[in-house]
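If you're wondering where the values come from, they're calculated on a predicted model, not measured in any experiment. Because only heavy atoms are used, hydrogens play no part in the values below, and waters and symmetry mates are left out as well, while side chains stay in. To find a chain, count down the sequence lines: A is the first, B the second, and so on, and within it residues start at 1.
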Number of protein chains: 2
Amino acid sequence: MSDGTDTSRPEVPRAGGVQSLARAFGLLETLAEAGGEAGLSELADRTGLAPATIHRLVRTLVDLGYLRQLPSRRYTLGPKLVGLGETAARQFGRWATPVLTDLVAEIGETANLAVLDGDRAVYVAQVPSPHQMRMFTEIGRRVPVHCTGVGKALLSALPPADAAGIVARTGLPAVTPTTITDPEVFARELAVARERGYVLDEGEQETGVRCVAAPVTGPHGSAAVSVSGPLSRMDDAAVARIAPLVVAAGRRLGTLLATA
Amino acid sequence: MSDGTDTSRPEVPRAGGVQSLARAFGLLETLAEAGGEAGLSELADRTGLAPATIHRLVRTLVDLGYLRQLPSRRYTLGPKLVGLGETAARQFGRWATPVLTDLVAEIGETANLAVLDGDRAVYVAQVPSPHQMRMFTEIGRRVPVHCTGVGKALLSALPPADAAGIVARTGLPAVTPTTITDPEVFARELAVARERGYVLDEGEQETGVRCVAAPVTGPHGSAAVSVSGPLSRMDDAAVARIAPLVVAAGRRLGTLLATA
DNA sequence: CCCTACATTCCATGATGCGGAAGCGCCAGT
DNA sequence: ACTGGCGCTTCCGCATCATGGAATGTAGGG
C-alpha cells in the first residue's frame, strides 16, 4: 500500500463503506466458522490481517461485550450477540409467526420461513408441528440452497442469472441419494418451480422428509416459506392439498413484508 | 472533540478502541431497543450522531447483511445476526447443556445458565422442565441482577467491591413485594450466598417462582446456574435436596469452562 | 402543485485506525 | 531449574480512512 504503482486489491472484493466494520464482522464470522473459539494468531492466519490490527478490533469487541476472552486468552463469541440475534429473530418472527401458525393449523406440519444470506439460506422463523415435539429451535441454521425446499424456492424467485451464479459458486454436492447433482436437471427444477409457484424437496437434504416450499413474493423479498413432514404423512394427495396453501402463505407474507 | 475548551464527554464513558465499531454496535443496540425497526433520522435523534455518519455505518451493515433495509427505507436487524447469535448461543450451550440436562433429570425443574453482561445477567442456555411446556426460548434475555437467582449468584462470585459497584449503578428497584430493596439487607444476602455457596430467589422477580442458583466457580468465570420452579413444587424440603445438586453443577461447569 | 421532511451523496479536513517492530508472559522441551 | 520459542500485547509515526457540514435527490402532505 506504500507505492502508487499497484493499487489492485484482490482481497475483499466489495466489502462496504467502513472497512474496520467489515473487518470486525469478518472476524466474528471467522470465529463462528472456526467453531466459535479461536486464538488471535489463528484469526490472523485465517483473515490475513496483521495481529496488531486484529488485536485492536478484538479488544474493542471484548470491551463492548460481543466477544469474550477465555482464561486461555482465546476468544469466543460473547453474550451480547445472543441478545442481538434473539431480537433479530423475534423481529422476523413477529410478522411471520401468525401466518406460519395458520399454516400449521391447516396442515398439521412444521412451517418455516427462511431468507437468503449470501449463498445460503437461513431459517428465521419456525412454528413446529403438533405431531412431533422434535426439532429444537432451528432458527439461525444455515443450509445449502440446492437441496432444500426453501433454498430452491429462494432461487426460483431470483433472476435466473443470479441463481445460476450462486449454484456455480456452491456447486451441487450430494447430501442424500435424491439430491439433485446435475446442473441441467437443477435448472429445469427451478424452471418448473417458477411455472408452478412452488417447489418440492423429495428428501434431498434428509431422507424421509418431504417438503413443499414457495417464495415470498415481495419487491426485494428474498424469503421463502416451507412446510415439511415425514413421508408417511406427506403423500401425493397431501402435497396436492398443501401446495396451494403454501403458495398463498407466501403471497400473504409478501404483502406483509411490503407493508410493515 | 472539536473544541478544546470542554473535553468532558458524559456520554459513552469508555467505549473501546475503535470508535466506528463502538458506534456501529451502538446503532444495532439502539435499533434493538427501538423495537427492531427504525428510520435513519430516528437513529440520529437517539444516538446524537450526524445523519451522514449513521448512513455510512448503516449502509455498510446492510451490505454485510447484518441489517436490512425495508421498502419503506427504514432499517431492521438482518438475518446474519440471527445466525451469529445462534452460533454464540450454541457455543455456550454446547458445553453447558449436558450438565443442565443432568440437573433437570435429577430435579425435574427448568435449569438455566447465565453470564454477566455489563450490569445485567443474560441467559445463555436453558433446559426446560418436563413438567410445564411453558417458557419459550428465554435465551438472550437480560434481567436485573438484584432480583434474580442467577444475578445474585453472579454477584456473590465477584469481589465485594465490584458487586457493590454494580448495585450502586443499578439500584434495587422493587419488582415484586418480596424484592430486596434495602442495600444493607442485600449485602447480607450476598454474604450468606458466599458462605453457603448458593442463593435463593423467593419470588423476587416473579411472584410464585422459587429459584435456587449457584455461581459457576471458575478462574474468571462470571457465570451462574439456576433451577427454578413454581412454589407448589419448590417447598423447603425440595430446596434442601436441590441446593447441593445445583452447587455441584456449578462446580462441574466451572471445571469445564476452565478446560475447554 | 408546491413545499416540507427525510434519506442520500459529495467533499475537504484531520482525527483515527493501521501495522511494523519491540516487549512481555507463558508453556514445552532438556 | 534454565532456556528457547511462540503467541499475545503495547508503542508510535504515517497516511489512510472515517467524519460531518452542506448540497442534492426523493417521497409524502397540505
Side-chain angles (χ1 to χ4, degrees), chain A residues 1-9 11-12 14-27 30-31 34 37-64 67-76 219-220 258-260, chain B residues 1-7 9 11-12 14-27 30-31 34 37-64 67-76 219-220 258-259:
Chain A
M1 325 284 177
S2 48
D3 60 335
T5 57
D6 182 16
T7 47
S8 70
R9 174 72 61 92
E11 307 264 3
V12 194
R14 295 228 111 269
V18 182
Q19 259 51 23
S20 55
L21 254 187
R23 287 173 168 189
F25 277 100
L27 284 174
T30 303
L31 217 110
E37 186 183 329
L40 192 145
S41 58
E42 187 176 348
L43 293 175
D45 284 347
R46 287 181 182 254
T47 59
L49 296 175
T53 303
I54 293 179
H55 181 258
R56 191 164 3 83
L57 292 171
V58 148
R59 174 165 237 249
T60 305
L61 290 171
V62 169
D63 286 350
L64 293 170
L67 236 47
R68 257 170 71 83
Q69 186 163 30
L70 302 174
S72 57
R73 301 200 164 177
R74 308 186 65 183
Y75 296 93
T76 338
H220 306 219
T259 311
Chain B
M1 310 285 187
S2 47
D3 60 337
T5 57
D6 181 15
T7 46
R9 174 68 61 91
E11 308 265 3
V12 193
R14 295 229 112 266
V18 182
Q19 260 53 19
S20 56
L21 253 188
R23 287 174 169 189
F25 277 100
L27 285 174
T30 303
L31 221 124
E37 188 184 327
L40 192 146
S41 58
E42 186 175 349
L43 292 174
D45 284 348
R46 286 180 183 253
T47 60
L49 296 175
T53 303
I54 293 180
H55 180 258
R56 190 162 8 81
L57 292 171
V58 147
R59 172 165 236 242
T60 305
L61 290 171
V62 169
D63 287 349
L64 293 171
L67 237 47
R68 256 171 72 83
Q69 186 162 31
L70 303 174
S72 58
R73 302 200 164 179
R74 299 172 58 110
Y75 296 93
T76 338
H220 305 218
T259 311

A:I54 CD1 - C:dC18 P separation (whole Å): 11 Å
Verdict with supporting geometry, A:R23 and A:T47, side chain to side chain contact (heavy atoms under 4.5 Å, CB included): CA-CA 9 Å; A:R23 287 173 168 189; A:T47 59; over 6 Å; no
Between C:dA21 (C1') and A:R56 (CZ): distance, integer Å: 15 Å
Phosphate contact (C:dA7 OP1 or OP2) by B:R74 side-chain N/O below 4.0 Å: no
Atom-to-atom span, CG of B:L49 to P of C:dA7 - whole angstrom: 15 Å
A:L27 CG - D:dC8 P separation (whole Å): 13 Å
Nearest-0.5 Å distance, CZ of residue A:R59 to CG of residue A:D63: 6.0 Å
Distance, rounded to the nearest Å, where B:L57 contributes CG and D:dC17 contributes C1': 12 Å
B:S41 side-chain N/O to C:dA7 phosphate OP1/OP2 under 4.0 Å: yes
side-chain N/O B:Q19 vs C:dG17 OP1/OP2, d < 4.0 Å: yes
A:T53 side-chain N/O to C:dG19 phosphate OP1/OP2 under 4.0 Å: yes
Reported CZ-to-CG distance for the pair A:F25 and B:L21, which is rounded to 0.5 angstrom: 7.5 Å
Side-chain N or O of A:R73 closer than 4.0 Å to phosphate OP1/OP2 of D:dG7: no
Side-chain N or O of B:H55 closer than 4.0 Å to phosphate OP1/OP2 of C:dA7: no
Sugar-phosphate only, base, or nothing, as touched by A:S20 at under 4.0 Å among non-hydrogen atoms: sugar-phosphate
Phosphate-side-chain proximity, B:Y75 and C:dC6, N/O vs OP1/OP2 below 4.0 Å: no
Which nucleotide in D:dT9, D:dT10, D:dG20 has an atom nearest any side-chain atom of B:R23: D:dG20
CG on A:L27 to CG on A:L40, rounded to 0.5 Å: 9.0 Å
Rounded distance [0.5 Å steps], OG1 in A:T60 versus CD in B:Q19: 7.5 Å
Residue A:A52, side-chain heavy atoms: nucleotide from D:dC8, C:dT8, D:dC11 that is nearest: D:dC11
Nucleotide D:dT19, atom P - distance to CZ of B:R59 in whole Å: 15 Å
Spacing between B:Q69 atom CD and D:dA27 atom C1', to the nearest angstrom: 14 Å
Residue B:L40, side-chain heavy atoms: nucleotide from C:dA7, D:dA18, D:dT9 that is nearest: C:dA7
Upstream residue (5' side of DNA chain D) when A:L21 and A:P51 are each assigned their closest nucleotide: A:P51
